[in-house]
Amino acid sequence: MAQRRRNDDIAAKVAHYSSALGSEYDKTNRNVNDRFHFKCSYHTQAILMPLSDLSRGVVRPVGHQAANGSAGEDAGKSFLGGHIISAAYSLDYILMPLFRSGISRRRSSLTHRKGPSVNHQMIGSTHPSEEDALLSRRQLSTTAGNRFHVSKAWIHYIFIGTIVLGLLLSALFDDRSSSAVRKSSSGDHAVDILDQNSDQKQSDTKSTTIRPGSIFLDTNGDPINAHGGGFMFHDNVYYWYGEIKTGKTYTPPANANWGGSRVDLVGISCYSSQDLIHWESRGIVLPAVTDDPSHDLYVKGVAERPKVVYNSLTNKFVMWLHIDSMEYKRARSGVAESDSPVGPFTYIQSFRPNDQMARDMTLFVDKKSTTAYLITSSEDNAVMHVNELTSTYTSFTGKWKPIFQGRYMEAPTIFQRGEKYYFIGSGCTAWKPNAARSAVSTSIWGPWTELGNPCRGEDADTTFHSQSTYVLPINGGKGGEDRFMFAADRWNEKNLSDSRYMWLPIEFGAAEDEGNGGEEGPIIHWQDEWDVSKAWN
């Protein structure tokens with residue numbers, strides 16, 4: 001951190017000095033010699049102003065909105081390059097006055113020889129005559145005069161060259177030296193991601209580890225764009241479905257009081273993997289609608305938290321998702337289906353399940369009965385509703401029940417372990433993270449016993465700066481009852497396309513809440529990096 005602050009100080013000096021060089025002409029333009037000096041200063045400024053950004057690892061592509069309103073100001077620069085830039089600044093700062101002094105003495109000598117009739121203050125004089133101007137130009141073309149001009153110019157070019165050398169060394173010797181704008185394709189839609197540190201990318205094709213909060217790359221090397229995601233394990237393949245967040249992040253006036261920023265709807269993406277590490281993009285499986293403002297999937301609407309399950313009875317893949325208006329006034333659940341896990345999905349319709357509001361949701365199939373349930377945040381998020389689905393998984397049986405009444409929760413996840421059902425969700429703080437909540441029950445219908453925050457360690461009170469989206473049974477729950485992965489989103493409310501993914505393995509042990517009768521619950525510990533092949537061994 002100290003080195004970063006020092007690098008920023010150096011960059012500020014470069015920017016300041018380059019600006020000062022350009023303005024120096026206004027202070028010292030008393031003679032034609034300084035016209036030549038100003039030309040050097042102008043070129044110096046033109047080169048160094050962008051370099052002052054680059055020296056801090058800043059890349060500013062046209063139209064790019066960087067994460068957190070900045071353009072990579074935390075990007076690193078090498079220690080060696082920083083010192084070379086600092087030395088160049090100091091060298092030019094010390095030597096330039098010496099050359100300026102030498103030039104002034106030489107000019108005085110020339111003036112004394114030629115006599116007072118020659119006006120050297122062409123611009124500084126009150127009323128310079130044309131004759132004096134011509135005489136001055138001739139005098140300034142002498143060999144002696146030009147020798148000093150070149151000396152003064154070269155000091156600037158040495159300065160510029162040293163700055164460039166320092167920046168090149170920064171890029172070569174520090175793997176965190178440069179920022180890069182990555183383009184991720186989901187169908188024909190690109191998303192801008194500012195890769196602030198190269199060590200934040202999870203891209204090693206031989207890796208078996210996951211780095212929570214890093215930029216997850218697909219097999220093409222592009223950032224994965226699947227937010228608020230859901231997962232499905234089918235025929236030994238994992239499928240990851242999520243919201244495509246791309247384009248400008250903005251806040252509609254109706255959402256300003258609670259910070260409801262958004263991007264226009266593009267659609268739902270899909271990725272597939274056999275190991276949870278290497279994900280292949282399968283494109284947009286449910287696209288937005290651009291020409292019908294009344295459609296549930298219209299670009300100015302909301303389609304969030306997609307979840308997909310396989311129905312063995314109909315041999316269909318069924319997707320449920322939260323459907324809403326820009327102002328979150330509709331509060332509905334939409335359903336689509338496909339013959340293939342990689343789509344395309346055909347949108348069917350939206351509901352208010354059992355005539356109740358429905359916002360954040362999850363989809364759950366009981367592995368004992370194959371009955372499916374849609375769990376939704378309802379009644380302005382004050383209550384969770386459990387809604388039983390029909391055998392086709394595309395509508396409701398009419399059986400439902402409120403749970404966690406008055407608890408104001410969203411981002412629900414449900415999973416089974418043995419004979420018990422577990423819940424992990426969040427409080428309601430818009431894009432801001434909060435402490436996760438967990439609960440356990442012997443029935444999907446309850447009663448549910450709350451277990452407290454499942455997260456442990458530093459930043460547990462913000463769920464490690466993220467919000468739950470899904471709990472994935474590893475290998476579909478085969479090969480061990482305790483193999484679960486907690487998946488969450490680390491939202492960036494100012495640049496939603498640069499929101500990250502936070503995945504961690506779940507353990508089981510004593511719950512946080514001591515008043516729960518000694519129930520065992522899910523526990524999530526922070527890990528900078530963890531190995532999928534060893535996490536549950």
Ser269 side chain reached by Ile284 side chain, heavy atoms, under 4.5 Å: no
Salt-bridge present (Arg407, Glu450; N to O < 4.0 Å): yes
Hits for side-chain contact (heavy atoms from CB on, under 4.5 Å) against Ser369, two or more places apart or cross-chain, chain-then-number order -> Asp366, Thr371
What verdict does the side chain to side chain contact (heavy atoms under 4.5 Å, CB included) test give for Phe464 and Leu504, after you've listed the backbone C-alpha separation in whole Å, the side-chain angles of each residue and the deciding distance to 0.1 Å? CA-CA 10 Å; Phe464 312 118; Leu504 289 167; 3.8 Å; yes
Which atom names give the shortest non-hydrogen contact between Leu496 and Val263, and what distance separates them? CD1-N, 4.0 Å
Check: Arg359 and Asn381 side chains under 4.5 Å, non-hydrogen atoms: yes
If we ignore angles and hydrogens, is there a donor and acceptor under 3.5 Å between the side chains of Ser272 and Arg282? yes
Is the shortest distance from a Lys or Arg side-chain nitrogen in Lys368 or Glu419 to a carboxylate oxygen in the other one below 4.0 Å? yes
I'd like to know if Glu243 pairs up with Lys245 as an ion pair, taking the criterion as any Lys NZ or Arg NE/NH1/NH2 lying under 4.0 Å from an Asp or Glu carboxylate oxygen. yes
Give the intermediate values and the outcome of salt bridge (charged side-chain N to carboxylate O under 4.0 Å, His left out) for residues Arg417 and Glu520. CA-CA 11 Å; Arg417 176 181 178 246; Glu520 188 179 52; 3.1 Å; yes
Please report the C-alpha distance between Phe231 and Tyr238 in whole Å, then the side-chain angles of each, then the deciding distance to 0.1 Å, and finally whether the ring pair (Phe, Tyr, Trp, His ring centres under 6.0 Å) criterion is met. CA-CA 7 Å; Phe231 297 81; Tyr238 295 100; 8.1 Å; no
For His465, the side-chain contact (heavy atoms from CB on, under 4.5 Å) test, sequence neighbours excluded, returns Asp459, Thr462, Arg490
Angle between ring planes, Phe396 versus Phe351, binned at 30° and 60°: parallel, tilted or perpendicular? perpendicular
Non-hydrogen side-chain atoms of Leu265 and Val302 separated by less than 4.5 Å: no
Leu286 side, atom CG; Ile244 side, atom CD1 - distance, nearest 0.5 Å: 9.5 Å
Any heavy-atom pair between the side chains of Tyr501 and Asp489 that's under 4.5 Å? yes
I'd like to know if Arg332 and Asp324 make a salt bridge, using a cut-off of under 4.0 Å between side-chain N and carboxylate O. no
Among Phe317, Phe233, Tyr393, which one satisfies ring-ring contact (aromatic ring centres under 6.0 Å, His included) with Tyr310? Phe317
Which heavy atom of Met384 sits nearest a heavy atom of Met409, and at what distance? CE-O, 3.3 Å
Under a plain distance cut-off of 3.5 Å, with no hydrogens placed, do Asn453 and Asp461 share a side-chain donor-acceptor pair? no
Side chain to side chain contact (heavy atoms under 4.5 Å, CB included) assessment of Phe345 paired with Val308: CA-CA 10 Å; Phe345 281 78; Val308 176; 4.1 Å; yes
Ile224 and Asp218: which non-hydrogen atoms are nearest, and at how many Å? CG1-N, 3.7 Å
Short question: side chain of Thr376, backbone of Ser378 - any donor-acceptor pair under 3.5 Å? no
Judged by atom type as modelled, is there a donor-acceptor pair below 3.5 Å linking the side chain of Asn492 to the main-chain atoms of Ser499? no
Near-ring test Trp503/Tyr470, centroid separation under 6.0 angstrom: no
Classify the ring geometry between Trp240 and Tyr271 as parallel (under 30°), tilted (30 to 60°) or perpendicular (over 60°). tilted
Could you check whether the rings of Tyr328 and His322 sit parallel, tilted or perpendicular, using 30° and 60° as the cut-offs? tilted
What's the separation between atom CE in Met502 and atom CZ in Phe216, rounded to the nearest 0.5 Å? 9.5 Å
Would a 4.5 Å heavy-atom cut-off, applied to side chains only, mark Ile474 and Leu276 as touching? yes
Using the side chain to side chain contact (heavy atoms under 4.5 Å, CB included) rule, take Val532 and Ile210 through it: C-alpha gap first, then chi angles, then the decisive distance, then the call. CA-CA 7 Å; Val532 172; Ile210 288 174; 3.6 Å; yes
Return the CG to OG distance between Asp222 and Ser281, rounded to the nearest 0.5 Å. 8.0 Å
Min side-chain heavy-atom separation Thr208-Asp275 under 4.5 Å: no
Distance check, rounded to the nearest 0.5 Å: Ser333 atom OG versus Arg352 atom CZ? 10.0 Å
N-O pairing of Lys300 and Asp264 below 4.0 Å: yes
From Met485 CE over to Ile524 CD1, what is the distance, rounded to the nearest 0.5 angstrom? 11.0 Å
Stepwise ring pair (Phe, Tyr, Trp, His ring centres under 6.0 Å) check, Phe415 with Phe423: CA-CA 7 Å; Phe415 60 102; Phe423 168 93; 9.6 Å; no
Any chance the side chains of Asp528 and Trp530 put a donor and an acceptor closer than 3.5 Å? no
Give a yes or no on this: more than 12 heavy atoms of other residues, nucleotides or ligands lie within 6.0 Å of atom CD of Gln405. yes
Rounded distance [0.5 Å steps], CG in Asn255 versus CD in Glu327: 6.5 Å
For the pair Asp360 (side chain) and Ala411 (backbone), establish whether a donor and an acceptor sit closer than 3.5 Å, ignoring hydrogens and angles. yes
For Tyr239 and Cys270, the nearest pair of non-hydrogen atoms, with its separation, is CD2-SG, 4.2 Å
Test: side chain to side chain donor-acceptor pair (under 3.5 Å). Region: residues 425-437. Which pairs qualify, not counting sequence neighbours? Ser261-Trp431, Ser426-Gln467, Thr429-Asn434, Lys432-Glu493
Working for ring pair (Phe, Tyr, Trp, His ring centres under 6.0 Å), residues Tyr373 and Tyr421: CA-CA 13 Å; Tyr373 303 88; Tyr421 301 83; 8.2 Å; no
Between Glu304 and Ile323, does a side chain to side chain contact (heavy atoms under 4.5 Å, CB included) hold up when you go through it step by step? CA-CA 7 Å; Glu304 296 178 333; Ile323 296 294; over 6 Å; no
Residue pair Glu529 / Thr209, side-chain donor-acceptor N/O under 3.5 Å: yes
What is the minimum heavy-atom distance between Ser207 and Ile277, and which atoms define it? O-CG2, 3.4 Å
Any side-chain heavy-atom pair of Met357 and Asp380 under 4.5 Å: yes
Which pair of heavy atoms, one from Pro447 and one from Ser441, lies closest together, and at what distance? O-OG, 3.0 Å
Taking Gly452's backbone N and O only, do any of them form a donor-acceptor pair with Ser438's side chain (distance below 3.5 Å, no angle check)? yes
Measure the shortest side-chain to side-chain distance between Ile268 and Leu321 over non-hydrogen atoms and say whether it is less than 4.5 angstrom. yes
